[in-house]
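As structure tokens, the structure follows; a few thoughts come after it.
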Protein chains: 2
Amino acid sequence: MDNDLIRQIRKLNQLHSYTSIQMHEAIARKAGLSGTDHKYLGFLLQKGQMTAGELSNLTGLTTGAVTGLIDRFEKKRLVKRQFAEDDRRKVIIVPNTKNIMTLLVPLYKEFRTKSEKLIASFSSKEIKIIESYFLRAIEIMIETTNKLNKK
Amino acid sequence: MDNDLIRQIRKLNQLHSYTSIQMHEAIARKAGLSGTDHKYLGFLLQKGQMTAGELSNLTGLTTGAVTGLIDRFEKKRLVKRQFAEDDRRKVIIVPNTKNIMTLLVPLYKEFRTKSEKLIASFSSKEIKIIESYFLRAIEIMIETTNKLNKK
DNA sequence: AATATTATCTTAGCAACTAAGATATTTTCT
DNA sequence: AGAAAATATCTTAGTTGCTAAGATAATATT
């Protein structure tokens with residue numbers, strides 16, 4: 001077993017994560033968002049509409065901070081507030097997918113094209129290897145995060 | 001060409017980045033650091049000692065913000081300030097590797113073990129594939145970031 | 001030797017966060 | 001049903017960490 005190689009891949013993985021944060025922040029700035037706002041906007045986009053409380057739990061922000069977050073997004077017409085029909089205390093945050101896409105897609109376009117080209121340069125057997133690595137790596141990070149947040 | 005598979009890997013890559021940010025922040029909290037402080041501490045650890053100005057350039061923070069950053073680290077005995085011998089205006093930030101390790105290693109230990117185990121579960125041919133993917137993916141992200149920061 | 005430049009620090013002001021409490025609505029208990 | 005408790009979000013006061021601009025101290029230039 002080549003320990004140097006293993007360590008090198010681990011380091012590469014770390015660099016990959018770090019570089020992705022940098023890119024994420026650069027895109028945020030161009031979109032007129034802070035790094036954290038960009039992160040949570042992606043969250044809303046991925047998960048779809050949710051209540052303010054759910055967003056608070058998912059992000060770890062206090063409810064007050066979430067109020068401010070939604071205010072900023074609403075001012076930019078990226079989401080809108082809607083009272084839940086079954087419980088009028090609840091505020092449903094409805095992402096305006098079209099506006100969000102208009103804002104972000106142009107900034108991601110080139111990156112996306114290049115990434116897909118990179119992936120396509122591998123055989124499907126090779127892609128499966130990369131996929132299985134990612135799947136397990138993600139699993140490990142989630143385990144680690146959950147353990148830390150519990151303790 | 002299987003476009004669905006390509007898109008899936010791209011999504012997986014995105015999830016990988018996102019999850020790593022979550023873990024990074026969870027570790028920061030446990031260490032009594034903010035997410036950004038953790039990031040820049042890792043930076044110092046990786047690059048070794050540097051002047052305050054270099055850290056400002058590398059992080060994109062203003063010199064004032066760097067002063068505050070070093071103050072927080074120094075209070076925790078994670079770095080110390082040292083005037084440069086050749087130019088006494090310069091402040092060299094010397095990381096206290098031992099203290100930083102004492103703080104962070106226990107939090108990363110399990111993650112590291114699991115990661116290395118995961119990597120070791122692949123053949124060296126497979127590892128080379130993963131490596132080449134990472135190398136190019138990192139390159140693409142750096143290109144994208146640089147373009148955005150220039151424009 | 002005087003002036004300009006450079007490296008860091010300080011200060012004032014701002015944005016976004018937390019903690020605690022206010023408000024409005026719903027649920028539970030008699 | 002009506003009072004009390006619980007819940008979901010918002011508001012407010014105070015804190016933190018950031019930027020921009022200017023202060024301070026050391027070095028380089030003319």
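A note on names: the letters A, B, ... follow the listed sequences, proteins ahead of strands, and every chain is numbered from 1.
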Please tell me which of A:Ile92 and B:Ser34 maps to the more 5' nucleotide of DNA chain D, matching each residue to the nucleotide holding its nearest heavy atom.
A:Ile92
For B:Asp86 and for A:Asp71, locate the closest nucleotide of DNA chain D by heavy-atom distance; then report the residue assigned to the nucleotide nearer the 5' terminus.
A:Asp71
No-H, no-angle donor-acceptor pair, B:Thr63 side chain to C:dC9 base, under 3.5 Å
yes
Approximate separation, where rounding is to 0.5 Å, of B:Ile130 CD1 and B:Leu135 CG:
12.0 Å
Measure the spacing between OG of B:Ser121 and CD of B:Glu126 and express it to the nearest 0.5 Å.
8.0 Å
Nearest to the side chain of [X] - [options]?
| X | options | result |
| --- | --- | --- |
| B:Arg89 | C:dT18, D:dT7, D:dA25 | D:dA25 |
| A:Arg88 | C:dT8, C:dT25, D:dC10 | C:dT25 |
| B:Thr36 | C:dC9, D:dC18, D:dT9 | D:dC18 |
| A:Thr62 | D:dC18, D:dT27, C:dA19 | C:dA19 |

Rounded distance in Å - [atom1] ([X]) to [atom2] ([N]):
| X | N | atom1 | atom2 | answer |
| --- | --- | --- | --- | --- |
| A:Lys39 | C:dC17 | NZ | P | 10 Å |
| B:Arg29 | C:dC17 | CZ | P | 14 Å |
| B:Leu61 | C:dT8 | CG | P | 14 Å |
| A:Leu69 | D:dT9 | CG | P | 13 Å |
| B:Met50 | C:dT8 | CE | P | 12 Å |
| A:Ile70 | C:dA16 | CD1 | P | 14 Å |
| A:Glu74 | D:dC10 | CD | C1' | 13 Å |
| A:Phe83 | D:dC10 | CZ | C1' | 10 Å |

Taking all atoms of both residues into account, what is the closest heavy-atom pair of A:Arg10 and B:Ile119, and its distance?
N-CD1, 3.8 Å
What are the two closest non-hydrogen atoms of B:Gly35 and B:His24, and how far apart are they?
O-CE1, 3.9 Å
Indicate, with a heavy-atom threshold strictly under 4.0 Å, whether [X] touches base, sugar-phosphate, or nothing.
| X | value |
| --- | --- |
| B:Gly53 | sugar-phosphate |
| A:Ala52 | sugar-phosphate |
| B:Ser56 | nothing |

Looking at A:Arg81, does any N or O in its side chain come under 4.0 Å of the phosphate oxygens OP1/OP2 on D:dC10?
yes
Think B:Arg72 has a side-chain N or O under 4.0 angstrom from the OP1 or OP2 of D:dC18?
yes
If we ignore hydrogens and angles and just use 3.5 Å, is the side chain of A:Lys114 paired with the main-chain N or O of B:Thr144 as donor and acceptor?
no
